[in-house]
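Report on one structure; see the data block that follows.
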Amino acid sequence: MMQGDMNAPASFVRVIEDLFHKEVAEYVWVYIDDIFIFSNTFKDYRQDVTAVCDKLRKAGFYENTKKTMFFAQKLEILGHMIDEDGLHPAPEKIRSIID
């Protein structure tokens with residue numbers, strides 16, 4: 001592995017956070033090679049997704065359609081479930097502790 005390859009995820013996060021500096025924490029969250037868009041309403045979500053995609057294209061980035069998911073009502077990330085009620089431990093994590 002070359003030195004540049006080892007820093008690729010961190011470099012990507014820095015570039016994307018710089019690109020979305022106004023949107024980060026407002027409706028964009030970047031983690032390694034993922035960009036999460038969260039909004040309070042369906043209308044806001046559509047506007048936010050459009051704004052993010054437009055900004056990515058203008059910067060020369062394109063989505064991986066095999067990895068892209070829109071309109072998710074819940075996501076499991078790093079052992080946590082994120083849904084309309086907030087952040088919770090993923091059910092599988094709780095089950096393994098109980099068992």
Side-chain angles (χ1 to χ4, degrees):
M1 180 179 284
M2 297 172 56
Q3 180 64 26
D5 294 338
M6 289 178 22
N7 293 324
S11 296
F12 175 79
V13 169
R14 274 193 303 278
V15 168
I16 296 301
E17 285 182 344
D18 286 347
L19 185 63
F20 292 105
H21 68 276
K22 292 180 183 175
E23 295 86 354
V24 168
E26 185 178 335
Y27 63 88
V28 171
W29 180 50
V30 180
Y31 181 75
I32 302 178
D33 65 343
D34 293 317
I35 300 171
F36 299 93
I37 304 167
F38 50 92
S39 308
N40 291 323
T41 68
F42 181 74
K43 180 181 176 184
D44 289 345
Y45 180 74
R46 288 181 50 202
Q47 291 172 347
D48 296 342
V49 167
T50 299
V52 167
C53 290
D54 288 347
K55 194 173 256 195
L56 285 170
R57 279 189 214 105
K58 287 178 186 173
F61 291 99
Y62 296 90
E63 69 277 351
N64 178 345
T65 55
K66 292 179 182 177
K67 194 176 172 185
T68 303
M69 180 182 2
F70 294 104
F71 307 108
Q73 294 186 3
K74 62 181 177 179
L75 295 171
E76 187 173 332
I77 304 166
L78 301 172
H80 292 83
M81 183 68 65
I82 302 171
D83 60 21
E84 63 189 15
D85 296 321
L87 179 68
H88 319 280
E92 298 81 38
K93 300 297 179 185
I94 295 172
R95 195 171 317 122
S96 65
I97 293 169
I98 292 172
D99 293 343

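Bear in mind the structure is a predicted one, so any value in this text is a computation, not a measurement. One-based numbering along the sequence shown.
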Considering residues at least two apart in sequence or located in another chain, which fulfil the side-chain contact (heavy atoms from CB on, under 4.5 Å) criterion with Tyr62? Arg57
What one should report as the nearest heavy-atom pair of Glu76 and Ala90 is OE2-CB, 3.6 Å
Nearest atoms (heavy-atom pairs only) where Tyr45 meets Phe70: OH-CA, 3.6 Å
So how far is it from Glu23 CD to Ile16 CD1, rounded to the nearest 0.5 Å? 11.0 Å
Please examine the side chains of Ile82 and Phe38, heavy atoms only from C-beta on, and report whether any two atoms are closer than 4.5 Å. no
dist Asn40:CG -> Asp48:CG (nearest 0.5 Å) comes out at 9.0 Å
Does a side-chain heavy-atom distance below 4.5 Å link Leu56 with Phe20? yes
Any heavy-atom pair between the side chains of Ile77 and Asp34 that's under 4.5 Å? no
Exercise: identify the closest heavy-atom pair between Leu75 and Met69: CD2-CE, 3.7 Å
Tell me whether Tyr31 shares a hydrophobic cluster with Met81, the cluster being built from Ile, Leu, Val, Met, Phe, Trp, Tyr side chains joined at under 4.5 Å. no
Phe71 ring center within less than 6.0 Å of Phe42 ring center: yes
I want to check something: taking the side chain as every heavy atom from C-beta on, are Asp83 and His88 in contact at a cut-off of under 4.5 Å? yes
Joint hydrophobic cluster, Val15 plus Val13, side-chain heavy atoms closer than 4.5 Å: yes
When rounded to the nearest 0.5 Å, the distance separating CZ of Arg46 from OG1 of Thr41 is 10.5 Å
Taking all heavy atoms of Asn64 and all of Thr68, pick out the closest pair and write down the distance. O-OG1, 2.7 Å
